[in-house]
Protein chains: 2
Amino acid sequence: MKGIILIMDGMGDRPLKELDYQTPLQAANTPNMDKMAEEGINGIMDSIAPGIIPGSDTAHISILGYDPYVVYTGRGPFEASGVGVDVIPGDIAFRCNFSTVDEDGIVTDRRAGRIREGTKDIVDVLNTMVLEDYPDVKIIFKESTGHRAVLVLRGEGLSDKVSDADPKVEGNKPKEVVALDGSKEAEKTADILNKVVAKSYEMVKDHPVNLERIENNEPPANIVIPRGAGAVPVVEPINEKYEVNSACIAETGLIMGICRFAGMDIIEMEGVTGGVDTDLNVIVDTILDQVKNSDHDFFLINIDGADEAGHDGNVKEKLEFIEKVDEVVMSKLKDLEDVILILTADHSTPISVMNHSGDPVPMIIKGPEVRKDDVCKFSEVDAAKGGLCRIRGSDVMNILMDLMNNSHKFGA
Amino acid sequence: MKGIILIMDGMGDRPLKELDYQTPLQAANTPNMDKMAEEGINGIMDSIAPGIIPGSDTAHISILGYDPYVVYTGRGPFEASGVGVDVIPGDIAFRCNFSTVDEDGIVTDRRAGRIREGTKDIVDVLNTMVLEDYPDVKIIFKESTGHRAVLVLRGEGLSDKVSDADPKVEGNKPKEVVALDGSKEAEKTADILNKVVAKSYEMVKDHPVNLERIENNEPPANIVIPRGAGAVPVVEPINEKYEVNSACIAETGLIMGICRFAGMDIIEMEGVTGGVDTDLNVIVDTILDQVKNSDHDFFLINIDGADEAGHDGNVKEKLEFIEKVDEVVMSKLKDLEDVILILTADHSTPISVMNHSGDPVPMIIKGPEVRKDDVCKFSEVDAAKGGLCRIRGSDVMNILMDLMNNSHKFGA
């Protein structure tokens, strides 16, 4: 028996007036998901706890059976691990955006026109950075998808108790990074970070990739702005904890990073973007190939597009992306044999909020011997009437392992 | 107002193809339980937590309001207490099977033909055992139901960190017991245990009970095989914790042992077996007598047969036993006045698994002033639609005490 947790990132939503007070998932035409709801058991899930707004990272940490309040030390380490930086305990890692600043240092585009190409060449230059005042600190950059990158600081006496450089709103300069706890280590790290931001502009403002972008009237990726400091945590490998052979099929570095920390194998995919324009055929083919032909018996799958549409507040894109996943992916997954299949989301990203919310997400569990209920449609509202009632992210792995007959009795 | 928790051991199940994808409880004809569901409030319960597979012991510990992760130190002490050994802190207790070995020491029947009679006489002989190398260690045997017995070691410098002698599968010799933590105490205890096993064979292989069994072509109970080592724990008496006067009505030593640890009075019954062949009239008469004529105001009742049928994978026996409990027991209990009656299970023992699983169990609570819901049938699937939603074992005593108006406000 194999087990799959398929997470539609940010799929949960709230009722929308323009959808006659339905959520995008309710309004979407999803015959395959509905069939799965009919054949399985349904419920709602709070990834962390009711009303708590999860990040995609903390939600996945919780769903994978780890306590995010213990493990989560900021987004940076997970993103860094996800894009392939071999972080080690003691490292301080940051998420970064390639951004655009004007000659006065004002951020004019936090995402550098959502740059998709050329960031690797820019990173090659940035990785030669050495700070005069801190020659012993190793500065490691790595590009991620789109405008995203990571920064890892490696050296003695560093701290993750530093503020973000990200000004959050365009029209401002990058924020001066400050120590959050007044420690010598945090003061040092903040100073390093401010110098890294300033130096990144000097080093890449005239990079050939940027000169070409300027010529094409595209915002140049002429500065790197870090945020989400985190010290690298240590976790018990998921394969030992649950006696599985696990793999991660995901589009974004953040999710891959979490799975990498959990010791999961990362299955690489070409042609996926983490957006609504991703190639869903690549994803479903990868899943089917892995389930049928690999020794892996547990899969964490993340499809990211619904979250992007939610953040953009684009109801049409969110609804259509859900329908596309139903048609391209769920049509092929729903009838897999000898599989316990869980379909859910990591959190809600309501159109009206344009960010994550603490609303619970719907869940279906389907497979041999799984109890059935009366629910016949997959949605936030229908799922709440189902036989799972309301569970937490931290319950998911235990329930899945039990249904796979892959766990041990506690007691006699 | 009196309170009853009636636990049908192992009653929960999964859908079965041969029952048209119903569970045995769904398929069973249970008019009395259904009436109770209609008149009460329904829900599903995870004895420990969703997906966690409970033992009968850890489930009951949790339902009685104790944290099994704190209290549970192995099955031995609970079983020993249950059959009436007055264990004291420091004792190391074990569950044992009377088994059959051949002349080469190979276990040919782990349960000695499910011996039902004569074990007391065998135990009388075993209780004269003294080990030459450990003259100060007191060796206490006590027979339990059927082929079951307990062993208690009392003395200085013993440990419960020892492995089982039970080979689990017939055709093997009893396993050599080893120290699990390398400590001197565990080494000593392991050595004692190996000597006890060997000596038990010498002492009882030619016991009159066994000679008679051999003559009748029944496997002799010619060796004792211990497992489930546990050091005796200390818990707060339930009568103090909840301000009740409590009693336990159960068939098996394991459940009686847990209740004895909790300081409950144990009501003895004659003619019960812990199997599907038990005398349910004895059980229901004992309950009615206790509720009507005793000063006890809280009862933990355990009826074991459904669990046995589940372990045996016998769908017909499980279904029929549930129907028999409905007819013989629930017909008389469901209309008790001035009683809050809770009907539930401690865990699922699905026919398809032939062992416990982590699937939640159904629950009804019925009594004066208890809220009602729309559920009209007692089953795993119907209960999930009820007004209790999904609760945990650790909630049960608090809910019961509240409905009995027997608990105190926390705050003002």
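Letters A, B, ... mirror the listed sequences (proteins, then strands); counts begin at 1.
- The most heavy-atom pairs under 4.5 Å with chain B, out of A:I41, A:L403, A:V396, A:D373, come from A:L403.
- Below 30°, between 30° and 60°, or above 60°: for B:Y69 and A:F410 the angle between ring planes is below 30°, a parallel geometry.
- Neither the backbone nor the side chain of A:L400 comes within contact range of chain B, judged by heavy atoms closer than 4.5 Å.
- Taking 4.0 Å as the cut-off between side-chain N and carboxylate O, A:R371 and B:D13 do not count as a salt-bridged pair.
- Both the backbone and the side chain of B:R390 come within less than 4.5 Å of a heavy atom of chain A.
- The minimum heavy-atom distance linking B:R95 with A:A412 is given by the pair NH1-CB, 4.3 Å.
- The two residues B:C389 and A:C389 have their closest heavy-atom pair at C-SG, 4.0 Å.
- In this structure, B:I52 CD1 and A:D402 CG are separated by 8.5 Å, a value rounded to the nearest 0.5 Å.
- Of all the listed residues (B:I48, B:D382, B:D359, B:T23), the one sharing the greatest number of non-hydrogen pairs under 4.5 Å with chain A is B:D359.
- B:Y21 does not touch chain A: none of its heavy atoms, backbone or side chain, sits under 4.5 Å away.
- Across every non-hydrogen atom of B:I44 and A:G387, the tightest pair is CD1-O, 3.3 Å.
- Between the side chain of A:N405 and the backbone N or O of B:V353, no donor-acceptor pair lies under 3.5 Å.
- Put simply, of B:P50, B:S352, B:P360, B:A383, the one with the most heavy-atom pairs under 4.5 Å next to chain A is B:P50.
- A:K409 is listed as a side-chain neighbour of B:N355, based on a closest heavy-atom distance under 4.5 Å.
- Contacts between B:P350 and chain A at a heavy-atom distance below 4.5 Å are absent for every atom of the residue.
- Counting non-hydrogen atoms of neighbouring residues, nucleotides and ligands closer than 6.0 angstrom, the CD atom of B:E18 exceeds 12 such neighbours.
- Rounding to the nearest 0.5 Å places CG of B:D46 at 7.0 Å from CD1 of A:I399.
- When the heavy atoms of residues 57-68 of chain B are compared with those of chain A, the residues falling under 4.5 Å are B:D57, B:T58, B:P68, listed by number.
- No donor-acceptor pair closer than 3.5 Å links the side chain of A:N398 to the backbone N or O of B:G51.
- The greatest number of non-hydrogen atom pairs below 4.5 Å with chain B, out of A:E369, A:H408, A:M397, A:R392, is found for A:E369.
- Options B:G43, B:G228, B:G358, B:P54 differ in how many heavy-atom pairs under 4.5 Å they form with chain A, and the most are formed by B:G358.
- No salt bridge links A:K385 with B:D374; every basic N to acidic carboxylate O contact stays at or beyond 4.0 Å.
- Distance NZ/A:K372 to CD/B:E380: 15.0 Å, rounded to 0.5 Å.
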